[in-house]
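Contents: one structure, followed by commentary.
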Amino acid sequence: MPLIAAEVLLLKDLLESYFREGGWLTVPVESFAGGLLLWSFACFLWRIPERPYIFAHELTHALAVYLHGGKVSRFRVGRRSGSVRCNRSNLWIVLSPYFVPFYMLLWLALWTIVDFYWPIRSYQWLLYAGTGFTWGFHLFFTVEAVHREQPDLHVEGWFFSLVVIVGLNLCILAALLGFLSPTWNVSRFLSRFGDHLHFCYRLCGQGLAAFSSWATRPGPLSPHADHP
């Protein structure tokens with residue numbers, strides 16, 4: 001929870017700098033916002049099929065299993081649901097599809113590969129627009145999956161899983177906004193984030209210490225009647 005609070009403060013700093021320093025009026029930000037807006041229109045005008053998300057969801061599960069040294073024995077993707085059978089499970093395997101923007105990472109990887117062999121720097125706006133579109137896809141279906149209370153969320157506890165999902169998605173969003181801003185570099189981003197983390201965890205520690213002191217404080221002595 002203090003981590004989420006620090007991320008919210010960082011997002012506040014990023015948005016304030018966008019307004020104060022005119023960061024909204026740049027090609028990366030406008031293109032990213034345009035891609036996100038295009039996804040919003042697509043959701044409003046058409047019923048988006050769920051199979052592409054289900055495929056990415058289950059594939060992310062499977063890749064997380066392999067990254068943790070496990071094996072996948074079955075991979076199934078249906079029109080409304082899917083499943084992965086594996087021999088290993090933990091927090092990151094179970095929750096990875098909810099904070100890993102699969103298609104956004106795929107889009108960035110494809111762009112990097114194509115740009116390496118055939119430079120397409122003059123079409124940078126398309127890179128940012130595609131990133132906004134795929135981020136919108138991830139965000140929309142993640143919210144929808146959480147709203148349905150998927151069984152994945154109950155493996156480690158619903159509230160704890162939700163905190164992890166929100167925290168990591170906010171972290172990715174802050175990193176995207178920092179990357180798109182012309183005035184934010186890595187050192188400024190990490191320095192500001194570290195300051196907010198220190199502040200939030202210190203405040204949390206002080207609150208817990210005050211509560212512990214209050215809870216362990218002896219209460220007033222109750223009067224005892226004298227008996228003959």
Side-chain angles (χ1 to χ4, degrees), residues 1-24 26 28-29 32-33 36 40 57 60-61 64 67-68 89-102 104-105 108 128 131-132 134-150 152-217:
M1 297 297 288
L3 174 63
I4 292 179
E7 290 169 345
V8 170
L9 291 175
L10 179 63
L11 286 171
K12 171 180 167 293
D13 289 345
L14 283 163
L15 293 176
E16 285 180 348
S17 72
Y18 269 73
F19 284 108
R20 185 174 58 252
E21 300 164 6
W24 296 109
T26 60
V29 175
F32 181 86
L36 194 58
S40 302
H57 185 104
T60 305
H61 275 313
L67 286 174
H68 286 85
S89 179
N90 59 35
L91 171 70
W92 306 113
I93 292 174
V94 172
L95 298 183
S96 57
Y98 301 95
F99 59 82
V100 175
F102 178 83
M104 189 185 82
L105 296 178
L108 293 175
Y128 302 120
T131 303
T134 50
W135 168 253
F137 177 93
H138 165 75
L139 186 63
F140 174 82
F141 280 107
T142 297
V143 172
E144 190 175 72
V146 170
H147 179 70
R148 291 180 182 177
E149 295 192 9
Q150 293 275 5
D152 294 337
L153 305 180
H154 297 277
V155 174
E156 301 290 341
W158 184 84
F159 181 77
F160 176 74
S161 298
L162 189 62
V163 170
V164 172
I165 292 169
V166 171
L168 291 174
N169 277 292
L170 284 178
C171 186
I172 295 173
L173 177 60
L176 281 173
L177 292 178
F179 173 74
L180 293 171
S181 174
T183 59
W184 281 71
N185 52 32
V186 176
S187 61
R188 181 183 179 186
F189 183 91
L190 293 179
S191 175
R192 192 66 61 85
F193 190 33
D195 291 341
H196 290 317
L197 276 177
H198 179 262
F199 169 77
C200 291
Y201 275 99
R202 185 184 63 184
L203 190 65
C204 182
Q206 291 173 350
L208 290 175
F211 176 79
S212 176
S213 175
W214 172 81
T216 57
R217 187 176 58 192

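Contacts of Trp135 classified as ring-ring contact (aromatic ring centres under 6.0 Å, His included), with partners at least two apart in sequence or in another chain: His138. Among residues two or more places apart in sequence or in another chain, the side chain to side chain donor-acceptor pair (under 3.5 Å) test is passed with Asp195 by none. By the ring-ring contact (aromatic ring centres under 6.0 Å, His included) test, Tyr98 is found to be paired with His57, residues two or more places apart in sequence or in another chain being considered. For Thr183, the side chain to side chain donor-acceptor pair (under 3.5 Å) criterion is met by Glu21, Ser181, not counting sequence neighbours. The side chain to side chain donor-acceptor pair (under 3.5 Å) test applied to Thr216 returns no partner, not counting sequence neighbours.
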Next on the checklist: For Arg188 and Ser17: C-alpha separation, side-chain torsions, deciding distance, then whether side-chain contact (heavy atoms from CB on, under 4.5 Å) applies.
Outcome noted: CA-CA 12 Å; Arg188 181 183 179 186; Ser17 72; 4.3 Å; yes

Next on the checklist: Set out, in order, the CA-CA distance, both residues' side-chain angles and the distance that settles side-chain contact (heavy atoms from CB on, under 4.5 Å) for Leu153 and Leu95, then state yes or no.
Outcome noted: CA-CA 7 Å; Leu153 305 180; Leu95 298 183; 4.2 Å; yes

Checklist entry - Can you check side-chain contact (heavy atoms from CB on, under 4.5 Å) on Trp92 and Leu67, steps first, answer last? => result CA-CA 10 Å; Trp92 306 113; Leu67 286 174; over 6 Å; no

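The minimum heavy-atom distance between Leu36 and Gly136, with the atom names listed, is CD1-CA, 3.5 Å. When all heavy atoms of Thr26 and Leu180 are compared, the pair lying nearest together is OG1-O, 4.5 Å. Heavy atoms only, all atoms of each residue included: Ala174 and Leu10 are closest at CB-CD2, 4.0 Å. Summarising the geometry of Gly178 relative to Phe189, their closest heavy-atom pair is CA-CD1, 4.4 Å, with the distance given to 0.1 Å. The two residues Pro2 and Cys200 have their closest heavy-atom pair at O-CB, 3.6 Å.
Screening Leu170, Leu9, Val164 against Ile4 for a side chain to side chain contact (heavy atoms under 4.5 Å, CB included) leaves a single residue, Leu170.
Counting non-hydrogen atoms of other residues, nucleotides and ligands closer than 6.0 Å to NE2 of His68 gives a total above 12. Counted within 6.0 Å of CZ on Phe179, heavy atoms from surrounding residues, nucleotides or ligands total 12 or fewer; the atom is thus considered open. Residue Tyr201 qualifies as enclosed at atom OH: its count of foreign heavy atoms under 6.0 Å is above 12.
To the nearest 0.5 Å, atom NE2 of residue His196 and atom CG of residue Leu11 are 9.5 Å apart. Atom-to-atom distance recorded for Leu139:CG and Met104:CE is 11.5 Å, nearest 0.5 angstrom. If you take SG on Cys171 and CG on Asn169, they are separated by 9.5 Å, rounding to the nearest 0.5 Å. Taking OG of Ser161 as the start and CZ of Phe99 as the end, the distance is 10.5 Å to the nearest 0.5 Å. Interatomic distance, OG of Ser96 versus CG of Asn90, reported as 9.0 Å (0.5 Å rounding). If you take CG on Leu91 and CG on Asp152, they are separated by 11.0 Å, rounding to the nearest 0.5 Å.
Residue pairs satisfying the salt bridge (charged side-chain N to carboxylate O under 4.0 Å, His left out) criterion with at least one member in residues 3-18, sequence neighbours excluded, are listed as follows: Lys12-Glu16, Asp13-Arg192.
In this structure, Val94 and Ser89 have side chains that are in contact, with non-hydrogen atoms separated by less than 4.5 Å.
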